[in-house]
Amino acid sequence: MSSYNQKYMDEAIALSLENVEKGNGGPFGAVIVKDDSVVARGANSVTARNDPTAHAEVVAIRQACAVLKSFQLTGCQVYSSCEPCPMCLGALMWARPEKIYYANTRLDAARIGFDDAMIYEQLTVAPEQRLIKCVHVGATQAAHAFELWVEKSEKIRY
């Protein structure tokens, strides 16, 4: 198990600074490390790509998974210039890195206008009561896809 290495956090922070200076997106950078080697880097490019999912961590996850030829980040550490937002945390939880290190907190981000407190709050609200209403409509075909998955003997679990 690897331990914290300041040089990787410095790199994530440098990515966030460079991103602001170049005007590519928000002040966020991320580096993914495996076996004491950087396998991916990401900077926030939400506005540059017109992609609300292009957060630094998600950009880095996509790159790391392509490099590692895996949908999981087993044995990896993530260095992020800021505490991951709910979307990035969810993506990281699915990717299963060994550890996540972060510099700024979500409260620090809120102070400069990146407040994701509403998202954390919405996760505890019943779907039909959320700010963006979520309506369960059910469908036999959707349930059938789940049944097929359960019955499938050769599948890759994640």
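For the single chain, residues carry numbers from 1 onward in sequence order. Here the structure is a predicted model, which means the values were calculated and not measured. Worth knowing before you read on, the calculation uses all heavy atoms, side chains too, and leaves out hydrogens, waters and symmetry mates.
Across every non-hydrogen atom of R49 and A54, the tightest pair is CD-CB, 4.1 Å. The two residues N19 and G26 come nearest to each other via the heavy atoms ND2-O, 2.8 Å. Between P84 and Y120 the shortest heavy-atom distance is O-OH, 3.4 Å. Here the shortest heavy-atom pairing between A30 and L15 reads O-CD1, 3.5 Å. A pairwise comparison of heavy atoms in S45 and V59 identifies OG-CG2, 4.1 Å as the closest pair. In this structure, S81 and A103 approach most closely via the heavy-atom pair O-CB, 3.4 Å.
Residues passing the side-chain contact (heavy atoms from CB on, under 4.5 Å) test with K152, sequence neighbours excluded: K155. Take F146 and apply the ring-ring contact (aromatic ring centres under 6.0 Å, His included) test, not counting sequence neighbours, and it matches no residue. In terms of the ring-ring contact (aromatic ring centres under 6.0 Å, His included) criterion, residue partners of Y101 (sequence neighbours excluded) are, by chain and number, Y4, Y79. Judged as a side-chain hydrogen bond (donor to acceptor under 3.5 Å, both in side chains), and not counting sequence neighbours, the contacts of Y8 are D36. Residues passing the salt bridge (charged side-chain N to carboxylate O under 4.0 Å, His left out) test with E121, sequence neighbours excluded: none.
From L89, atom CG reaches atom CZ of R106 across 9.0 Å, with rounding to the nearest 0.5 Å. In this structure, CG in L68 is found 12.0 Å from CD1 in I61, a value given to the nearest 0.5 Å. Separating the SG atom in C76 from the NZ atom in K99 is a distance of 14.0 Å, to the nearest 0.5 Å. Interatomic distance, S16 OG to E11 CD, rounded to the nearest 0.5 Å: 11.5 Å. Atom CD of E83 sits about 9.5 Å away from atom CD1 of I100, to the nearest 0.5 Å. Taking CG of L107 as the start and CG of D116 as the end, the distance is 9.5 Å to the nearest 0.5 Å.
By the 4.5 Å heavy-atom criterion applied to side chains, C65 and L73 are counted as neighbours.
Below 30°, between 30° and 60°, or above 60°: for F114 and F28 the angle between ring planes is above 60°, a perpendicular geometry.
Sorted by first and then second residue, the ring-ring contact (aromatic ring centres under 6.0 Å, His included) pairs involving residues 37-60 (not counting sequence neighbours) form an empty list.
Between D108 and R111, at least one side-chain nitrogen of the basic residue sits less than 4.0 Å from a carboxylate oxygen of the acidic one, meeting the salt-bridge criterion.
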